[in-house]
Novice: 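Please find one structure pasted underneath; my questions will follow.
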Amino acid sequence: MSESYTPQELMVAVAAREIRDGDVVFVGMRLPILAYAVARNSHAPEARGLFEVGLMRDQPASAFLGTMGDPPNVAGALWATRMSNAMALMAQGEVDLGFIGGAEVDRFGNLNTSYVGDPRRPEVKLPGSGGGADISILSRRWVTLMSHEPRRLVEKVSFVTSPGYGDGSPGWRKRNGLLGGGPVAIITTLGVLRFPEGGGEAYLASVHPGHTVDEVAAYTGWSLQVSDAVSETSAPTESELASIRRFDPEGFWTRS
Amino acid sequence: MSESYTPQELMVAVAAREIRDGDVVFVGMRLPILAYAVARNSHAPEARGLFEVGLMRDQPASAFLGTMGDPPNVAGALWATRMSNAMALMAQGEVDLGFIGGAEVDRFGNLNTSYVGDPRRPEVKLPGSGGGADISILSRRWVTLMSHEPRRLVEKVSFVTSPGYGDGSPGWRKRNGLLGGGPVAIITTLGVLRFPEGGGEAYLASVHPGHTVDEVAAYTGWSLQVSDAVSETSAPTESELASIRRFDPEGFWTRS
Amino acid sequence: MGLKVMSMAQAIERFVPDGATIALGLALEPLIPFAAGHEIIRQQRRDLELVGPISDALFDQLIGAGCVRRVTAAWVGNVSEGLGHCYRRACEQEVPHALEVHDHSNFSISLALWAAAWNVPSLPTRTLLGSDILRTNPDLSVADGLVQVKAVRPDVAIVHVQRADELGRAHAWGPLGVSEEAGLASGRIVISCEELVDASVTLSDPNRILFPETKVAAVVPEPGGAHPSPVQGFFKRDHAFHRDYAERSRTVEGFEGWLRQWVLDVPDRAEYLKQIDPDALRIKHHRPSVPADFGDE
Amino acid sequence: MGLKVMSMAQAIERFVPDGATIALGLALEPLIPFAAGHEIIRQQRRDLELVGPISDALFDQLIGAGCVRRVTAAWVGNVSEGLGHCYRRACEQEVPHALEVHDHSNFSISLALWAAAWNVPSLPTRTLLGSDILRTNPDLSVADGLVQVKAVRPDVAIVHVQRADELGRAHAWGPLGVSEEAGLASGRIVISCEELVDASVTLSDPNRILFPETKVAAVVPEPGGAHPSPVQGFFKRDHAFHRDYAERSRTVEGFEGWLRQWVLDVPDRAEYLKQIDPDALRIKHHRPSVPADFGDE
């Protein structure tokens, strides 16, 4: 593995590539804030970022953000409003891509950010949905980022905070009234998992430089399907790295 | 009849007296705007005016208002917001008194501002509810002002835009889920009609100076009940008149 | 960049087709987009559905000119003068043709737009219980002691504001009526503005930006475009103009004369304004808001 | 006049009784009323229900201090650091005591507050379909393919703003989260502010006034009252402070030490601020908004 970038920097670069030019992106906390900044500065100059706190931006904030509500994210915003207005756009299908963080994900892309174990007396109480459930249900497509560990990529999440493809059966989302298309990628510290068109079970699409398919499979809590076309994830380019380091100069998100 | 004031000026003075100090008043168009200004300058210095356009005021506007959305009503406002926020306060029971104009009223205080005749092919198409239906249903108590003519005070309105006491049966409003208490007065060009505690049929409470009970009854489209304690309406005081003329200097509302 | 800026004629041509559902007059009495309405009349749009709470005389004019198939509104008339005579003729005599009316109250039209903004079929409310409006409007129903107000989704909202930039960030101030929910509920938004300003003005105050720019399809610099309605900081309401309209529109002939004078025989807003004395209506006493500091570092 | 202005101790004493349902942290990450929360801890309030979308670390602190019976929220933790350790201990080990949790998403908590603001039992939405949150929160149900979100009516909303006058007209700017609906939904509002200003400042811009003054019960001048959360134009977020809190609150002993240092052994916000370097956090680059002209004549 190259020493020239961290796993988080690679994840940010991969996440940025998920953003298409012109997309309205519902930007989550932490790495996605950087991913938006990187994309906006390279291949997606017409993207718009929507933040649940109640902001829309074009240009990324000019200074480091610890949270999406930090003052540099407000200065120069295109809209400072109420959360429900940002959610209204997403409920109308006007959000092309959302990012969600998760503590646990299963093979069908269901995320748990609420309870590990029985909700009535959990082993671990996680912080909860925030906007995650909203994004998973309402955005047109979404991506999650996660550290690749067997305790995080699990056979079955103990609580579905943010639904992916449910039980994996065809048409599960539509049958249950979920508006958006569902997850398109799980970007981890080891590789990128994707989903078949129309949803279903995740498969390994690419492995990060320095890692192997077997290693990824070993760190996954279910029997991982691997694409015939599995490839090596493209490393961050010089310009992606420069962008990342400009927006996270102290490495708060990408070097800790 | 004294020549020193017009019927409209008397109506404004009477309407102003309906405003209690500290009331939040949902102020309708035309004469009620003046009534609010008069009350605020005399016995109700702590009243607040709420305007459906999306305004709250303490001081009356410093200049003539043709509509509640005129610029002088905005300058110095305590809140400039959306209509739904003003309606929210009323839906919570936070509006003590509302004013509604009407084209027709019946003995139970039901107002018609929509259709005279069959709505599918009306004899007269009136402008509609505006906020009238909302005020009639949601404010704690309300008052209407009207020219006293048999075609306006009718046995039964052809369309209930803004419900008063419905069919007049006890508990009609509560039974139908209406939040507020209903109408308390109909202020006309000839007198003041009031309602019994808890609602029901209107009765003549006072006759304006220069008019008689018989005259009022003759101009009413139903057999009008008259209070045993029917009195003469108190004429506008000097200070009420001064106030009215200050806020309607050209007599746009009160002398045309 | 700047592709949203166009003339009113272009904006109406592109974004208001025959049969469209259009929301306008959304701040109630102020900021009514009369210039847009008159251009719609000039372009002879037909079968429109008009959506709004209270449009002052604009809805009456569009109805009289034969542009309108349906009105979904709380009130149609002339705020300072009373009845809308064209509205009456359409409903009572089918002149110039029949008109479908979906009656609302002010609160319920707001909720219909919020329902569309949030993409739900309807929203519940306690208002309208006991009102015959429930009998005539098929978009209202009662269940479990609450009124269900069906979503109303305009194709386009037309909004006049004090200032906007070329990318569609609009600043409006004063009471906002249902502007915000109507903009969010609509597929697109057409802005007309007193002043086209640099983005440094609009972005200096993102809280005052009324709509997400992604919804704004057109920005029309149109000073005086709300006359005779008031524009805080710019123009007083022209009460005499409303009175004159009320008097002349009492008859079909009177209305047609009015329409020729102020709409059909006038190519655009600039020419229209030459027939009035804008300086007499212009607000001369300024009351600038105290700035808010959006400092970030 | 001026009877609403009081100290934080007075405001909490008068308007936050034991058992109250209180909404706070309503703009999400910015403007969190930490000073108010700390005074609630000092006054040893018990059995509170906390309502809010994301409170950053404030909910965690109130829970750790034993003030809370129920949390109705979308997220409880530490935004830049992750898990809320006191929240974990309460849910996992009933330390300091058991906690009831009504899980929401950000959108659904907003709708719960709008339902209360509009005085309807619930509002419908498409969000949460397919989520197990529907299984654990009794305030959510499914009917006709939509989620019904039950109204949440706080007794009091506590809101930190940039400036307010003595009669309670508050100006806040930057993203507003659910501040507006929470204020309207609540019986009363307690404002804390960076600056107590003359009414000529607030009334110069009535569009920026956040709440109807009739709902505002108290105005507490409390500069720095939102630290360590950010306040546009005044203070940056104190990320290091959040990190320190996250580390120390990992254990009960660590949390108790933190609580003594920053809350229990400090009489008020002025003393608290002496322990930090406010100048290092103060925003020094100003970005005044371009005024809007509210001229009327």
Side-chain angles (χ1 to χ4, degrees), chain A residues 29-30 51-55 64-77 80-84 86-87 90-91 110 112-115 117 119-138 157 159-163 166 172-173 176-179 252, chain D residues 27-31 53-54 56 73-80 82-84 87-92 94 101 103-108 110-111 114 125-133 135-136 145-146 173-181 229-233 235-237 239 242 283 287:
Chain A
M29 268 299 299
R30 301 161 179 262
F51 299 82
E52 61 197 347
V53 68
L55 291 171
F64 169 77
L65 299 180
T67 77
M68 64 178 76
D70 281 11
N73 213 33
V74 180
T81 184
R82 300 187 300 287
M83 179 216 284
S84 54
M87 293 293 177
M90 194 156 67
N110 302 299
N112 177 14
T113 54
S114 300
Y115 301 92
R120 284 164 300 186
R121 189 67 187 259
E123 291 157 46
V124 185
K125 179 67 188 88
L126 301 164
S129 160
D134 306 312
I135 296 168
S136 73
I137 296 160
L138 302 173
V157 294
F159 189 96
V160 178
T161 310
S162 300
W172 182 89
R173 289 182 64 93
N176 286 277
L178 284 72
L179 187 76
F252 192 94
Chain D
L28 282 72
E29 294 90 354
L31 297 172
I54 282 176
D56 216 327
W75 198 93
V76 178
N78 179 320
V79 173
S80 52
L83 298 174
Y87 187 46
R88 285 195 60 182
R89 280 190 292 272
C91 293
E92 297 166 18
E94 304 194 350
V101 177
D103 292 296
H104 274 274
S105 71
N106 277 338
F107 194 9
S108 73
S110 169
L111 293 170
W114 279 119
T125 181
R126 292 172 194 267
T127 200
L128 296 184
L129 288 169
S131 170
D132 283 344
I133 290 174
R135 288 202 290 120
T136 55
L146 292 167
W173 55 91
L176 297 174
V178 304
S179 305
E180 192 176 304
E181 55 268 45
S229 70
V231 178
Q232 197 76 29
F235 290 107
K236 293 184 271 196
R237 187 171 184 273
H239 307 306
H242 279 93
I283 287 171
R287 290 172 167 266

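In what follows, chains carry the letters A, B, and so on, assigned in the order in which the sequence lines appear, proteins first and then strands, with residues in each chain numbered from 1. Hydrogens, waters and symmetry mates are skipped; everything else that's a heavy atom, side chains included, is used.
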Novice: Can you confirm whether the side chains of A:Y115 and D:D132 place a donor and an acceptor under 3.5 Å from each other?
Specialist: no
Novice: So which atom in A:N110 and which in A:V157 form the shortest heavy-atom distance, rounded to 0.1 Å?
Specialist: O-CG1, 3.5 Å
Novice: Out of curiosity, D:T127 OG1 to D:H104 NE2, how far, rounded to the nearest 0.5 Å?
Specialist: 12.0 Å
Novice: Which one of A:G54, A:G76, A:S84 has the most heavy-atom pairs closer than 4.5 Å to chain D?
Specialist: A:S84
Novice: Between D:H242 and chain A, which part of the residue has a heavy atom less than 4.5 Å away: side chain, backbone, both or neither?
Specialist: neither
Novice: I'd like to know which of D:P230, D:S108, D:P175 tops the heavy-atom pair count under 4.5 Å against chain A.
Specialist: D:P175
Novice: Go through D:G145, D:S110, D:S105 and name the one with the most non-hydrogen pairs under 4.5 angstrom from chain A.
Specialist: D:S105
Novice: Look at A:T161, A:I137, A:L178, A:N112 and state which one has the largest set of heavy-atom pairs under 4.5 Å with chain D.
Specialist: A:I137
Novice: Minimum heavy-atom separation for D:N106 to D:A74, with atom names?
Specialist: OD1-CB, 3.2 Å
Novice: Taking the side chain as every heavy atom from C-beta outward, state whether D:W75 and A:T113 have any pair of such atoms under 4.5 Å apart.
Specialist: no
Novice: Please flag which part of A:F51 lies under 4.5 Å from any non-hydrogen atom of chain D: side chain, backbone, both or neither.
Specialist: neither
Novice: Tell me whether the rings of A:F252 and D:H239 are parallel (<30°), tilted (30 to 60°) or perpendicular (>60°).
Specialist: tilted
Novice: Please give me the minimum heavy-atom distance between A:V160 and D:G130, naming the atom from each residue.
Specialist: CG1-O, 3.9 Å
Novice: Which bit of D:S131 comes within less than 4.5 Å of chain A, counting heavy atoms only: side chain, backbone, both or neither?
Specialist: both
Novice: Relative to chain D, which of A:N176, A:T67, A:L179 shows the most heavy atom pairs under 4.5 Å?
Specialist: A:T67
Novice: How far apart are the closest heavy atoms of A:S114 and A:K125, and which atoms are they?
Specialist: O-NZ, 3.2 Å
Novice: Using non-hydrogen atoms and a 4.5 Å limit, figure out which bit of D:R89 sits close to chain A: side chain, backbone, both or neither.
Specialist: neither
Novice: For each of A:G130, A:G69, A:A80, A:P71, tally heavy-atom pairs with chain D at distances under 4.5 Å, and name the one with the top tally.
Specialist: A:G130
Novice: Could you tell me whether the side chain of D:K236 reaches within less than 4.5 Å of the side chain of D:I283, counting heavy atoms only?
Specialist: yes
Novice: With chain D as the partner, which of A:E123, A:M90, A:M68 has the greatest number of non-hydrogen pairs under 4.5 Å?
Specialist: A:E123
Novice: Contact part of D:W173 toward chain A, heavy-atom cut-off under 4.5 Å: side chain, backbone, both or neither?
Specialist: neither
Novice: Looking at A:V74 and D:G174, what are the two nearest heavy atoms and their distance?
Specialist: CG1-CA, 3.8 Å
Novice: Looking at D:I54, D:D103, D:D56, which makes the most heavy-atom pairs under 4.5 Å with chain A?
Specialist: D:D103
Novice: Using a 4.5 angstrom heavy-atom cutoff, name the option from D:R237, D:R126, D:E181 with the most pairs to chain A.
Specialist: D:R237
Novice: Enter the distance from D:N78:CG to D:L83:CG here, rounded to the nearest 0.5 Å.
Specialist: 9.5 Å
Novice: For D:L31, which atoms come within 4.5 Å of any heavy atom of chain A: side chain, backbone, both, or neither?
Specialist: neither
Novice: Do A:R121 and D:E94 make a side-chain contact, defined as non-hydrogen atoms from C-beta onward lying under 4.5 Å apart?
Specialist: yes
Novice: Measure A:D134 against the heavy atoms of chain D and call it side chain, backbone, both or neither at under 4.5 Å.
Specialist: both
Novice: Using a cut-off of under 4.5 Å on heavy-atom pairs, state which of D:E180, D:E92, D:R88, D:R135 scores highest against chain A.
Specialist: D:E92
Novice: Under a 4.5 Å heavy-atom cut-off, does chain D meet the side chain of A:R30, its backbone, both or neither?
Specialist: side chain
Novice: Check whether D:T136 gets within reach of chain A through its side chain, its backbone, both or neither, counting any heavy atom under 4.5 Å.
Specialist: side chain
Novice: Identify which part of A:L126 has an atom lying under 4.5 Å from any heavy atom of chain D, answering side chain, backbone, both or neither.
Specialist: both
Novice: Between atom CD1 of A:I135 and atom CD of A:E52, what is the distance when rounded to the nearest 0.5 Å?
Specialist: 5.5 Å
Novice: Please report the closest heavy-atom contact between D:G177 and D:L28, naming both atoms and the distance.
Specialist: CA-CD1, 3.7 Å
Novice: Which residue out of D:G84, D:P30, D:G233 racks up the most heavy-atom pairs below 4.5 Å with chain A?
Specialist: D:P30
Novice: Sort out for me which of A:S136, A:A86, A:G66, A:G177 touches chain D most, counting heavy-atom pairs under 4.5 Å.
Specialist: A:G66
Novice: For A:P122, is it the side chain, the backbone, both or neither that has a heavy atom under 4.5 Å from a heavy atom of chain D?
Specialist: both
Novice: Does any heavy atom of chain D fall under 4.5 Å from the side chain of A:T81, the backbone, both, or neither of them?
Specialist: backbone
